[in-house]
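Right, I'll just put the structure down here and ask away after.
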Amino acid sequence: MPKDDIEIVEENASGSDLAYLKLQRSSIKKNITNIQKKVEKDGSKMDSTILECRLEILEGYFKQLCDVQSKIEAINANDNTRSDLEETFIVAKSKILKLINKNRGSVSMEHSLLNASMACGSSSRLPSLKLPNFDGKYSEYQRFIAAYNNIVHENHSISVIEKFNYLLNCLSGPALAVVEPFQVCEDNYEKALQRLQERYDNKVLIFLEHIDSLFNVPKMQKSDSVSLRHLIDTVSAVRGSLLSLGSEADVMNAILVHMVLSKVDNETKDNYDEKQDFKSLPSWDLCYELLSRRCQFLESHRKRTEFPEKVIPNKHNSPRFNRPAHTFVNSNSNCSYCNSSEHSLSTCSSFANIVVSERFNFVKRNGHCINCLRKGHMVSKCSSKSRCRVCDSAHHTILHIFSSPEQPTTSNSNGNSPQPSTSSNPVSFVARSFRRAIIPTAVILMKDNCGSFHTVRALLDSCSELNFISEETARRLKLKFRPFSQEISGIAEVRTSIKFSVDTTIKSRSSSFEWSSSFAVTKTISSRQPGELMNTSQWKIPPNIELADPSFFKPERIDVLLSAEVFFDLLLDGKISLGNGLPSLTNTVFGWIVGGSSPSRPHSNSLTCNLIVSTREQNIDETLNQFWKAEKYSKSPSTYTEAEKVIEDHIIENSRFDSYGRVQVRLPFKKLPNYLGNSLEISRRRFLSLERRLERDSTLKSMYEAIMQEYVSLGHMSPYNQSSNNSSYIIPHHCVLKPQSCSTKLRVVFDAIAHTSSNHSLNDILMVVPTIQQDLITTLFSFRLHKYALTADVSKIYRQCRIDEQDKRIQIVLWRNNRDDYIKINMAHIIPVVRRSYKKIFTSMTY
């Protein structure tokens, strides 16, 4: 066959295939268009499941359409229909997705539908993304906020309230403390996000934190490929982060400044940091200027100290009372005792901790002058005019030997003259002046008069019998002052009187711990704690723990003092020592507190001692008066107010015995349950916080689960299948652990004072039943009338009374045994939650 005839046959074959493929493409496109028209017509009536099925069919058609279009383009390269086909698919799919999101409303982040890829043949779904976490590290903020915006903030299918709760769950530590004071409502979401950005979106601090992490890269312990790969990958990642914030010249400047500041003394470094504005990247020129100015100051200060002006003596100016202080300038930069380059021998805390005799021997043995503690000359040729502050002799104060106080003289058996007794172990108070202690502090939340929580700084004092709050803090929280007459005394029997107190609730920022008590109001509680700024750069504080007070090293005011009443209940298992001469970390419900010994500069600020005891002295007349009152006791008939009579009538009319012989009552509402707002959000947030605490302690979790399972097994609680509304109340709950208790080591506390979105709680809308049983003194007198007395303890007495079916929706709790399960809504059939209203009912109903 000729060549030209062969080409004609092949062209006819390809033409027939092309026509068939185009017919196939037209048919598939028609199917896609029919789906689109069906959705436009009846989509609003379709269920989300039906819409998802149609979406899968649509994506299958589009995959076939892409395959057919690829074959057409292989035959005819000039075919440009692909873009029109993709546009048809995009329009149809977007309408289906919009209807799905509209039907579902607020969809859980973990179960939200991820959009399929627009590329041909790509219809598989990606796995759900985990929410990012942020604990307050500047270097991690940009990564966190980018992931959070992509997953949560820019997702329009999530409500603003849900976004706020996701934000709270993503944050921890100092970052959570920035946002947590905001109440969870739509108006505060953008404000909280903006506050977080203002706090951590600081280019300079992020840059400096990356520099620190670069110098803190761990050294390889052995020669292996894994360690080396980890080292170079870490350095490469940090370098990339630095170059994203500044140029290579900025990075080099920052490295140079960091190296120089790591070599200077702590005071110079503090002076440099204090003069930074943290708005521009570190500059070597500025660092050189500040350090040069510091050098000039030290030089002029040294001249004034070594060559003081002559003082003209007079009757008010004797050498005893007007002598210059010791000069702590050492010509040798290193301390000869501990070989440190950061201080001289006269300021060495290790040297000050040894006994005086060993100090003196060390000074003589190493050729130091005993007057100024410098090398190169003897005391006879010392140019310093300084003398001992105790005895005015030519030796340093730190070398002075203190004799013990004189004891009464006694004669020996031989009749010799009496000899004063002396101590064989002289004590030096100078050594103690170079150390001070850190009193534990914590940043906690305190409830104001409106039910909102605010951040305050608390001092934890196990030596105080009373809780205190400063007057400024009490007025800032608008707490109600009530008369409170109490005399208190402290060290040296210094007495003062307290006139007012307030009642409020404190709460932990890191756990579900809450505690209510009275606080005595005083002008000031203590001076700023600690007494001076402490350098903690060399302290090896574990990075994975949450400090109760992240700024424990900065002198700041004290708002609240927590006494021994609650101090020991705050402590948890766990203690970490930071080293010899350094404080320790102790685990509490507020986080890890810092307390104990701490290095300090010489001549530091005055020390603080908190010891407060209450005194109630009674004279003999008052004691006798109370005795005669007890002897002349006469029982008066119980009288009720009008409001109390209403409650009494309510109990009588609405109480009955059910078929099992138990008392069943109606709750005594003084306001309708419609006053209650939405309580789901705060209960859910507190339950998740409780769940995180239980996951950290397996023993506590098993005890808590056993108690909740007991509620279910005894019929005191059952699943609640109806949807909650504004007239229902979901009660938060937490636990109180008392390991020393013989009967109940763990007690579940139901918080019926938790406010809803309407600022009302369950206790706010319930009436309080008056006391109806006889008073205690009458019961005690009854023991005189009979020969035998019987006592009994009713098991689970507060669970023996059931509530009416109409009121069960008021007592709803959240619970689940496994974090992978959905949170279950359970309904309580008993009244331990509203014990405030019915704790006296058993006397009248059962006896």
Side-chain angles (χ1 to χ4, degrees), residues 110 130-131 133 168-169 172-173 176 507-515 542 544-546 548 566-576 585-593 680 682-721 730-752 754 793-800 811-833 835:
E110 288 77 11
K130 291 184 178 180
L131 292 175
N133 294 322
L168 293 173
N169 288 333
S172 62
L176 180 61
K507 178 182 176 183
S508 171
R509 299 180 298 115
S510 57
S511 67
S512 60
F513 175 82
E514 286 192 17
W515 181 71
N544 58 339
I545 67 172
E546 182 177 358
V566 70
F567 179 85
F568 296 99
D569 293 333
L570 305 177
L571 302 180
L572 301 177
D573 294 337
K575 184 176 182 181
I576 301 174
L585 305 180
T586 304
N587 193 15
T588 69
V589 296
F590 299 138
W592 291 80
I593 58 175
L680 176 61
I682 185 172
S683 298
R684 177 180 172 275
R685 180 158 55 89
R686 289 180 56 177
F687 175 74
L688 293 177
S689 176
L690 169 67
E691 201 171 42
R692 289 193 295 269
R693 178 188 175 189
L694 296 180
E695 288 296 329
R696 294 193 297 266
D697 192 338
S698 58
T699 304
L700 183 65
K701 181 181 179 182
S702 62
M703 296 171 66
Y704 208 108
E705 289 179 347
I707 293 176
M708 299 302 287
Q709 186 59 37
E710 182 188 53
Y711 271 95
V712 176
S713 61
L714 294 177
H716 298 168
M717 184 171 68
S718 64
Y720 185 61
N721 299 322
I730 302 178
I731 309 172
H733 54 93
H734 61 275
C735 62
V736 175
L737 180 64
K738 291 186 177 181
Q740 68 275 13
S741 175
C742 299
S743 57
T744 308
K745 297 184 181 296
L746 183 73
R747 182 168 59 90
V748 176
V749 178
F750 296 92
D751 186 8
D793 184 12
V794 180
S795 177
K796 299 179 177 58
I797 184 171
Y798 289 117
R799 297 205 224 159
Q800 304 306 322
Q811 292 193 170
I812 301 175
V813 295
L814 303 179
W815 179 251
R816 62 181 175 185
N817 292 326
N818 194 338
R819 292 191 67 176
D820 296 331
D821 298 336
Y822 288 102
I823 299 178
K824 299 177 182 178
I825 298 180
N826 298 280
M827 177 172 55
H829 302 269
I830 54 176
I831 61 165
V833 179
R835 187 182 305 175

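Model, not experiment: these values are computed from the prediction.
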Exercise. Are V566 and F513 close enough, and set up right, to give a side chain to side chain contact (heavy atoms under 4.5 Å, CB included), and what steps lead you there?
Worked result: CA-CA 12 Å; V566 70; F513 175 82; 4.2 Å; yes
Problem set entry | Atom CG of D573: over 12 foreign heavy atoms under 6.0 Å | no
Exercise. What are the two closest heavy atoms between S689 and S512, and how far apart are they?
Worked result: OG-N, 4.0 Å
Problem set entry | Straight-line distance of L570 CG to I593 CD1, nearest 0.5 Å | 8.0 Å
For this session: Apply side chain to side chain contact (heavy atoms under 4.5 Å, CB included) to the pair L814 and R684, showing each step before the final yes or no.
Result: CA-CA 7 Å; L814 303 179; R684 177 180 172 275; 4.2 Å; yes
Side-chain atoms of residues 692-699: list all donor-acceptor pairs with protein atoms under 3.5 Å, sequence neighbours left out, distances to 0.1 Å.
unit_1	atom_1	unit_2	atom_2	d
E695	OE2	K701	NZ	2.9
D697	OD1	T699	N	3.3
D697	OD1	L700	N	3.3

Seminar exercise, completed: dist I730:CD1 -> I812:CD1 (nearest 0.5 Å) comes out at 5.5 Å
Problem set entry | salt bridge (charged side-chain N to carboxylate O under 4.0 Å, His left out) partners for R686, two or more places apart | E514, D751
For this session: Working to the nearest 0.5 Å, report the span between CG of N817 and CD of E691.
Result: 10.0 Å
Seminar exercise, completed: Distance col, row L746:CG vs M703:CE, nearest 0.5 angstrom, shows 4.5 Å
For this session: Establish, from distance only, whether the side-chain atoms of Y704 and H734 form a donor-acceptor pair under 3.5 Å.
Result: no
For this session: Just jot down the side-chain hydrogen bond (donor to acceptor under 3.5 Å, both in side chains) partners of N133, sequence neighbours excluded, or say none.
Result: none
For this session: Compare all side-chain heavy atoms of V749 with those of R747 and state whether any distance is below 4.5 angstrom.
Result: yes
For this session: Evaluate the ring planes of F687 and H733, with Trp represented by its six-membered ring, and classify them as parallel (under 30°), tilted (30 to 60°) or perpendicular (over 60°).
Result: tilted
Problem set entry | Side-chain donor/acceptor of S511 to backbone N/O of S508, under 3.5 Å | no
For this session: Working to the nearest 0.5 Å, report the span between CG of L176 and CG of L168.
Result: 6.5 Å
For this session: Grab the two heavy atoms, one from R509 and one from G173, that are nearest each other, plus how far apart they are.
Result: NH1-O, 4.0 Å
Problem set entry | Heavy-atom check, side chain of N587 versus side chain of L571, under 4.5 Å | no
For this session: Kindly indicate, with the supporting measurements, whether the criterion side chain to side chain contact (heavy atoms under 4.5 Å, CB included) is fulfilled by T586 and W592.
Result: CA-CA 5 Å; T586 304; W592 291 80; 5.6 Å; no
For this session: Could you walk me through whether M708 and M717 pass side chain to side chain contact (heavy atoms under 4.5 Å, CB included), step by step?
Result: CA-CA 9 Å; M708 299 302 287; M717 184 171 68; 3.8 Å; yes
For this session: Quick one: pull up CH2 in W815 and CG in D821 and give me the separation to the nearest 0.5 Å.
Result: 11.5 Å
